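All values derive from a computational prediction rather than experimental measurement. Chain identifiers are assigned alphabetically (A, B, ...) following the order of the sequence lines, protein sequences preceding nucleic acid strands; residue numbering begins at 1 within each chain.
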Amino acid sequence: MSYKALSRNQIAWRAAQDLEDGMVVNLGLGMPVLCANYRPEGREVLLQSENGVLGVGPVATPEQEDRDLTDAGSQLITLIPGASIFSSSDSFAMIRGGHIDVTLLGGFEVAANGDLANWDADMPGKGPLIGGAMDLAVGAKEVRIMMQHNTRDGSPRLLEKCNYKLTAPSCVTRVYTDLAVVDVTADGFVVREILDGLSRDELQAKTGAKLTFAPDCGVLKTPAV
Amino acid sequence: MSYKALSRNQIAWRAAQDLEDGMVVNLGLGMPVLCANYRPEGREVLLQSENGVLGVGPVATPEQEDRDLTDAGSQLITLIPGASIFSSSDSFAMIRGGHIDVTLLGGFEVAANGDLANWDADMPGKGPLIGGAMDLAVGAKEVRIMMQHNTRDGSPRLLEKCNYKLTAPSCVTRVYTDLAVVDVTADGFVVREILDGLSRDELQAKTGAKLTFAPDCGVLKTPAV
Amino acid sequence: MIDKRVASIDEALAGLGDGMTIMFGGFGGAGVPINLMRALPGTPANNLTIISNSVRFLEDYAHALFEEKRVRHAVASAARSRGAASGISEIQLADGTLTLDIAPQGSFAERIRAGGAGIPAFYTPTGVDTPVVEGKEHREFNGRMCVLETALTADFTLMRADKADRYGNLYFRGTQGNFGRDMAAAAKCTVVEVREIVDGLLPQPEIHVPGVFVKRIIQLPDARDA
Amino acid sequence: MIDKRVASIDEALAGLGDGMTIMFGGFGGAGVPINLMRALPGTPANNLTIISNSVRFLEDYAHALFEEKRVRHAVASAARSRGAASGISEIQLADGTLTLDIAPQGSFAERIRAGGAGIPAFYTPTGVDTPVVEGKEHREFNGRMCVLETALTADFTLMRADKADRYGNLYFRGTQGNFGRDMAAAAKCTVVEVREIVDGLLPQPEIHVPGVFVKRIIQLPDARDA
């Protein structure tokens, strides 16, 4: 059998399906912000941005662009009705204080105990960049990670123990990759969904820690997005 | 010689004369709030109230009364143009953070080293009331006290050491009484102004700590207020 | 759809039970949730901890809670009843029915902000050399002695605002915000009585408290008019 | 009469000198004091500590400060230059010309708020088990390990807002407020460039930062238009 790994947009679509009506969600830079485009119809999901916005709307069209209204990724944004604006310290009070239901973040590595590494990839000659990742990883009620299952050279990113410097310990609850949806449980990684055409053994071979497969392990959808 | 001690309004008038143009001032309950009525013409003195107002205006007339706009003494107030409103935590951040130039507070006792006691008079059967006094005493750049020179039974309130529980240590810079204006200096109490008709010996006799008289010690004014 | 509106006081206070901690907004009559306070004695709530800048508000509007000895602990910056005679909370403080954590008002407000902000503790210079911080950990920073104060959180916050929308966004008139702004974030279940629940959603410049901090809103007339 | 208006950038930056600490507001292009940053190399300021969420802003708008090795220490949550190659601040970090206190963005923001609020230090769970809090004091609260973070203050804050009045009251458009709101209170001399200094005084609902925190305001066009 053969398989086709999910695109970035397909991973974003999948992650977005788990955002429930009424949730307050912070989307990290990169793949996570794509989720905003795939929120299921009929659900009100409020997007928080750590520079001080609750209720981020679609990216601004050229006519709507306002250079004084941005998100944490410096995109020019719009506000939805009911949106509010506040200071950085108030924004992180909201994050650290446990008021964000879910944060979706990019990841370099996730360990079987939920450890997350997503801030420092040891790029030679480049300075460190933490941003809001550590506060989000510590403060959000759920931390869900979106990343390629493997690095460009094929090394696993789901590991027994992270190699890179940690962002926060034991925080990740779910990982969306281009191959699977994997929960982090007290018993380690549990696969909830796997790509059609990819065998369990193949997925295990691409993973750096033991995988358990949920009794109701399903097929990872591949929507045309 | 005979003398007539200042009225509460006269003490307030005297204290108000020392409020300079541009100062941000917090007025405590009781005598201090009377100072608002005697701010010298032509000076802009901004009044802060610890329930979250900067720019407190005159007490509301019956037509202006708004039960949702009060000061820390629960008086119904007005706002001056340029006034702002904020939360209690922000208000005390302003106070504790050293952004208030002067606080004028009532006092039970002041010691020669600047210790202040003004919150707990050990009233039998009555519970404690701290309010904002401790934060103001610690946070304002200058703490000035307004009080009768003596208790009803004639005991001194300016002392070597406070008898009542302290509000804050070494914080008072000046005391306005019905008999004198007294600075607290590194050398203890220094009298700046004394009531006409009251001798230095008489004032010392009414005081529980050694008084020094400033070389330019003047006459305490008795305006018709 | 996000809809935090509730139709009855029973619904607004549902879940309020034994051993809980409740915060109360309000200062000087502004932002005091009088309707909700009056309804408290009718709930099964017992063995309560109350966090209110002044204990007196509770005496004024929920006197039966004291009569029935249902308040066991208070955190406040003021615990003085009206008038020269002892009030019921003062009597209960004296006889040990009620215990008290008295704090300078700024430390009180900051402890609540910390509770909502995920800050478990902070140092402040306020209170040093006074009996109110006796037994608290002391530590010097930059030559100034400070004390360690810990965060306050609650099961419920009860407060009043002027307007709200179905998201729970709040708008305050005048000085209604005071302690409530921070208390909204510090409780698991924040219930807000408002003069008006608006149609649609509040415009951004009018939102003083983002709805994320609020669980239930109820439209109730100003109890001071009654 | 209170009048915080100044007419020239020289006047706005007067007193900025050797060994000082400067905070910079701004995030994602909003609230960045580009005009004031560009003028910094022309002041005698040397041996500087900069407090800015991203060091890159300073590279973008005051590059000469790095070329002339006038920045010795930075506090930031991001110290990554544009592009794949090393930027000048990255080179100076590597060779020790520049030292860095890197903090999670929430701890960075809270340290600034604490600085303006008279809170010398606080505990936070953020950063525990990561190298960025190595050497910091650890302590458990309610079963959760936390680290002690200390307040940040400065000699100057430079920031941009949309409108101001002669009292120094500030109004922000959109997300201009970000770090500036707290930085205004954390510096001895806060200088704000604004699009418009209004006639008269700002109405209360438009005041996002009370003037008490601001020392100087200067009307300057949006440097992004240049």
Side-chain angles (χ1 to χ4, degrees), chain B residues 49-53 56 60 65-79 83 85-98 115-121 123-139 162 164-171, chain C residues 25 27-31 53-56 76-81 83-87 89-91 93-94 100 102-114 124-133 144-145 160 162 172-183 208-209 222 224:
Chain B
S49 187
E50 61 262 35
N51 61 322
V53 184
V56 174
E65 278 186 1
D66 176 345
R67 291 175 299 183
D68 289 327
L69 186 59
T70 78
D71 67 10
S74 304
Q75 292 188 106
L76 302 184
I77 57 166
T78 57
L79 299 178
I85 292 178
F86 31 87
S87 71
S88 296
S89 63
D90 281 348
S91 182
F92 281 96
M94 194 180 283
I95 291 168
R96 202 192 307 103
D115 285 0
L116 170 66
N118 77 346
W119 73 280
D120 190 336
M123 290 185 283
K126 297 304 289 178
L129 192 162
I130 305 178
M134 290 188 184
D135 298 280
L136 285 162
V138 162
C162 293
Y164 287 128
K165 294 171 186 165
L166 290 195
T167 303
S170 304
C171 59
Chain C
F27 191 103
N53 180 57
S54 174
V55 175
R56 199 177 68 193
S77 88
R80 189 169 298 167
S81 307
S86 294
S89 70
E90 291 173 322
I91 291 166
L93 276 174
L100 177 67
I102 186 101
Q105 197 173 120
S107 302
F108 176 81
E110 188 69 12
R111 290 173 71 185
I112 294 162
R113 179 192 175 275
T124 173
T126 304
V128 167
D129 281 341
T130 78
V132 302
V133 300
R144 191 170 205 189
M145 189 56 75
R160 185 171 175 94
D162 190 57
F172 296 115
R173 285 190 71 234
T175 55
Q176 279 185 322
N178 56 71
F179 298 97
R181 289 202 196 205
D182 293 302
M183 287 176 172
H208 296 140
V209 172
D222 191 331
R224 296 171 297 185

Worksheet item: Which bit of B:Ile85 comes within less than 4.5 Å of chain C, counting heavy atoms only: side chain, backbone, both or neither?
Response: both
Item to complete: Name the region of B:Asp66, side chain, backbone, both or neither, that has any atom closer than 4.5 Å to a heavy atom of chain C.
Response: side chain
Item to complete: Measure distances from C:Arg113 to the heavy atoms of chain B and classify the residue's part below 4.5 Å as side chain, backbone, both or neither.
Response: side chain
Worksheet item: Side chain, backbone, both or neither: which part of B:Asp71 has a non-hydrogen atom closer than 4.5 Å to chain C?
Response: backbone
Worksheet entry | Option in C:His208, C:Arg111, C:Arg144 with maximal non-hydrogen atom pairs under 4.5 Å from chain B | C:Arg144
Item to complete: May I ask you to decide if B:Gly127's main-chain N or O and C:Glu90's side chain share a donor-acceptor pair within less than 3.5 Å?
Response: yes
Worksheet item: Where is the tightest heavy-atom contact between C:Thr130 and B:Ala168, given as atom of each residue plus distance?
Response: CG2-N, 4.3 Å
Fill in: Sole residue of B:Asp115, B:Asn118, B:Asp120, B:Asp135 in side chain to side chain donor-acceptor pair (under 3.5 Å) with B:Thr167
B:Asn118
Worksheet item: For C:Arg181, is it the side chain, the backbone, both, or neither that has a heavy atom closer than 4.5 Å to a heavy atom of chain B?
Response: side chain
Discussion item. Set out, in order, the CA-CA distance, both residues' side-chain angles and the distance that settles ring pair (Phe, Tyr, Trp, His ring centres under 6.0 Å) for B:Phe92 and C:Phe108, then state yes or no.
Written reply: CA-CA 10 Å; B:Phe92 281 96; C:Phe108 176 81; 9.6 Å; no
Discussion item. If I measure from the heavy atoms of chain B, does C:Ser54 come under 4.5 Å with its side chain, its backbone, both, or neither?
Written reply: neither
Discussion item. Which one wins on heavy-atom pair count under 4.5 Å against chain B: C:Gly87, C:Ala79, C:Ala84, C:Ser89?
Written reply: C:Ala79
Worksheet entry | Leading residue by heavy atom contact count with chain C [cutoff under 4.5 Å; candidates B:Pro169, B:Gly132, B:Gly52] | B:Pro169
Worksheet entry | chain B contact via C:Val132 - which portion, at a heavy-atom distance below 4.5 Å | side chain
Discussion item. Under a 4.5 Å cutoff for heavy-atom pairs, which residue among C:Ser81, C:Ala94, C:Gly180 has the most contacts with chain B?
Written reply: C:Ser81
Discussion item. Using a 4.5 angstrom heavy-atom cutoff, name the option from C:Gly174, C:Ala103, C:Gly177, C:Ser107 with the most pairs to chain B.
Written reply: C:Gly174
Practice prompt. Pick one of side chain, backbone, both or neither for C:Pro131, based on which atoms fall under 4.5 Å of a heavy atom in chain B.
Written response: side chain
Worksheet item: Hey, is C:Asp222 close enough to B:Arg67 for a salt bridge, meaning N to O under 4.0 Å?
Response: yes
Practice prompt. Measure C:Ala85 against the heavy atoms of chain B and call it side chain, backbone, both or neither at under 4.5 Å.
Written response: backbone
Fill in: Donor-acceptor contact present, side-chain B:Arg96 to main-chain C:Gly106, <3.5 Å
yes
Fill in: Greatest number of heavy atom pairs closer than 4.5 Å to chain B - which of C:Asn53, C:Ile102, C:Leu93, C:Ile91
C:Ile102
Worksheet item: Is there a side-chain contact between B:Trp119 and B:Pro128, using heavy atoms and a 4.5 Å cut-off?
Response: yes
Discussion item. Looking at B:Asp68 and C:Arg160, is there a salt bridge between them, counting it only when a charged N and a carboxylate O are closer than 4.0 Å?
Written reply: no
Discussion item. Counting heavy-atom pairs closer than 4.5 Å to chain C, which one of B:Gly139, B:Ser49, B:Ala72 comes out on top?
Written reply: B:Ala72
Worksheet item: When rounded to the nearest 0.5 angstrom, what is the spacing between CD in C:Glu110 and CG in B:Asp90?
Response: 9.0 Å
Discussion item. Taking side chain as everything from C-beta outward and backbone as N, CA, C, O, which of these in B:Ser91 sits under 4.5 Å from a heavy atom of chain C? Side chain, backbone, both or neither.
Written reply: neither
Worksheet entry | Region of B:Ala93 in contact with chain C, defined by heavy-atom distances below 4.5 Å | neither
Fill in: Residues C:Gln176, C:Asp162; criterion side chain to side chain contact (heavy atoms under 4.5 Å, CB included); working and verdict
CA-CA 8 Å; C:Gln176 279 185 322; C:Asp162 190 57; 3.5 Å; yes
Fill in: Under 4.5 Å from any heavy atom of chain B - which part of C:Leu100
side chain
Worksheet, complete the sentence: Between the CD atom in B:Glu50 and the OG atom in B:Ser88, the distance rounded to the nearest 0.5 Å is 9.0 Å
Fill in: 4.5 Å side-chain heavy-atom contact, C:Asn178 and B:Ser87
no
